[in-house]
Number of protein chains: 2
Amino acid sequence: MLSKNQIKYIQSLHQKKYRQQHGAFLVEGAKSVQEVLQSNFEIELVVATEVFYKENVRLTDHQRTPVEIASPADLERIGTLESNNAALAVVRTKQNRPLVADPEEIVLILDDIRDPGNLGTILRIADWYGIRKILCSETTADVYNPKVISASKGSFTRVSWWYGDIVQFLAQQPNLPVYGAFLDGEDVHTLSFGSGGYLVMGNESNGIRPEVEAFVTQKVTIPRYGEAESLNVGIATAVLLDNWRRELT
Amino acid sequence: MLSKNQIKYIQSLHQKKYRQQHGAFLVEGAKSVQEVLQSNFEIELVVATEVFYKENVRLTDHQRTPVEIASPADLERIGTLESNNAALAVVRTKQNRPLVADPEEIVLILDDIRDPGNLGTILRIADWYGIRKILCSETTADVYNPKVISASKGSFTRVSWWYGDIVQFLAQQPNLPVYGAFLDGEDVHTLSFGSGGYLVMGNESNGIRPEVEAFVTQKVTIPRYGEAESLNVGIATAVLLDNWRRELT
């Protein structure tokens, strides 16, 4: 059974401040917990229903992960999901290590993506399109936010990220092209992408900041055939990566 | 000031049952209300803050739309948005008229899309890619759900829809190609799309039903370069439409 202190600790991880203080975050739901148990993340504790525990005992025993049995009602009380009849894991956050694109690699740069749902969707899209590295401005939503983890559908285990000053990063990076999503760029259907480089996606309302735009070597635009004012940033990321990958194969 | 009966009526429209009974639905927030006031939808009533009313008086006066002034707190109490400091409109639903693709037109078919957020996003994507008609299975989320209207960002005013038996529809439709999104179809990057036809998108968990699949003349697939198990149905719709439009231009 969970102690009062454990419950308090787990609930504190709903908030960024305590995730940073404790260096831990929450992973919730059957699929995400199964994925994180098979990843290289370090697990502090799994809280599981009896059914989930029995069906996944090999995953927890393998690493001798501490497990507490709880009811779905307990999981919903300590976690953030409205409904969770499976499990929750307390997982160690990773060190914030710098990431650089290899010459033939596509790397995403997120300039101030604020919505956790969008960030989670972008992780999932990156994982689909084989993108391994994401650089995030410090103002981008916290990747360890439970909504991001949940929306990423397990893809957070396969993509690496770094948070920091992306202006400074771009000022120092070598000669790879930097593509940026704008409404007045070159048509992505006719543009020639390079074999590697960076793709910058900007804030949901304001787009890419001028100080980041200064390092963009090629503005790109998804052509519009109707009248919607814009596409959601997750949608735009997918369409741009699809066009880039299409060209390389 | 809003009467008790008006408040009760507006709140009842949060539910599909009462939207159908009254033939009316809610549009909330500055942008969406502005768009619906400029569309061919028939407006029963606008509830607006004094500021919104003054700034948009031409839009309401033009059609002699009844307007009630209310505070943001009132708007939040009668509506579904957590925060609304602008307006809410009560709008007449449209007749459920059959829609057919013209020979050179792309028409979307939604087979059991359950999530209102996904449906709203798909309306916005359709609008971006110049799709004017969407056919929905009866089990697809209600397009008049406030979450759909809100997620569509005004695009509900520019796209038409029909709800009905899409199996029967497909059985009767003439010789246009029917593309369907599957995980084992032809690569959308190398496939040749026709100049018009239908694109079927299936349920978030189960995909396209077998009885609908029977009418699909070409299965299509977005190639995967990484390890995510799937893409969200809104994302997949955008990528498929982008590939189709790219080919036609």
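Atom set for the values below is all heavy atoms of this structure, side chains included, hydrogens, waters and symmetry mates excluded. Chain A is the first sequence line, chain B the second, and so forth, proteins listed ahead of strands; every chain is numbered from 1.
Neither the backbone nor the side chain of A:Val159 comes within less than 4.5 Å of any heavy atom of chain B. Both the backbone and the side chain of A:Ile222 come within contact range of chain B, judged by heavy atoms closer than 4.5 Å.
In this structure the side chain of A:Leu135 never reaches within 4.5 angstrom of the side chain of A:Leu110, judged on heavy atoms. For the pair B:Phe182/B:Val220, no side-chain contact is recorded, criterion being any heavy-atom separation below 4.5 Å from C-beta on. The shortest distance between side-chain heavy atoms of A:Phe41 and A:Val91 falls below 4.5 Å. In this structure, B:Leu88 and B:Val27 have side chains that are not in contact, with every pair of non-hydrogen atoms separated by 4.5 Å or more. At a threshold of 4.5 Å between non-hydrogen side-chain atoms, the residues A:Leu99 and A:Val107 do not count as touching.
The candidate with the highest count of non-hydrogen atom pairs below 4.5 Å against chain A, out of B:Leu123, B:Val239, B:Val188, is B:Val239. Interface remark: of the candidates B:Ala126, B:Gly154, B:Pro223, B:Pro223 forms the most heavy-atom pairs closer than 4.5 Å to chain A.
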When you scan chain A against chain B, which donor-acceptor pairs turn up at less than 3.5 Å?
from     : atom 1 : to       : atom 2 : distance (Å)
A:Lys31  : NZ     : B:Glu229 : OE2    : 3.3
A:Arg124 : NE     : B:Ser230 : O      : 3.2
A:Arg124 : NH2    : B:Ser230 : OG     : 3.0
A:Asp127 : O      : B:Glu227 : N      : 3.0
A:Asp127 : OD1    : B:Glu227 : N      : 3.4
A:Asp127 : OD2    : B:Ala228 : N      : 3.1
A:Trp128 : O      : B:Tyr225 : N      : 2.8
A:Trp128 : O      : B:Gly226 : N      : 2.8
A:Trp128 : NE1    : B:Pro223 : O      : 3.0
A:Arg132 : NH2    : B:Glu227 : OE2    : 3.0
A:His189 : NE2    : B:Asp242 : OD1    : 2.9
A:His189 : NE2    : B:Asp242 : OD2    : 3.0
A:Pro223 : O      : B:Trp128 : NE1    : 3.0
A:Tyr225 : N      : B:Trp128 : O      : 2.8
A:Gly226 : N      : B:Trp128 : O      : 2.8
A:Glu227 : N      : B:Asp127 : O      : 3.1
A:Glu227 : N      : B:Asp127 : OD1    : 3.4
A:Glu227 : OE2    : B:Arg132 : NH2    : 3.0
A:Ala228 : N      : B:Asp127 : OD2    : 3.1
A:Glu229 : OE2    : B:Lys31  : NZ     : 3.2
A:Ser230 : O      : B:Arg124 : NE     : 3.2
A:Ser230 : OG     : B:Arg124 : NH2    : 3.0
A:Asp242 : OD1    : B:His189 : NE2    : 2.9
A:Asp242 : OD2    : B:His189 : NE2    : 3.0
A:Asp242 : OD2    : B:Asn243 : ND2    : 2.9
A:Asn243 : OD1    : B:Arg246 : NH1    : 2.4
A:Asn243 : ND2    : B:Asp242 : OD2    : 2.9
A:Arg246 : NH1    : B:Asn243 : OD1    : 2.4

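For the pairing with A:Ile125, the side-chain contact (heavy atoms from CB on, under 4.5 Å) check across A:Ile131, A:Leu108, A:Leu241 returns one residue only, A:Leu241.
Environment of CG in A:Leu183: sparse, with no more than 12 heavy atoms of neighbouring residues, nucleotides or ligands closer than 6.0 Å.
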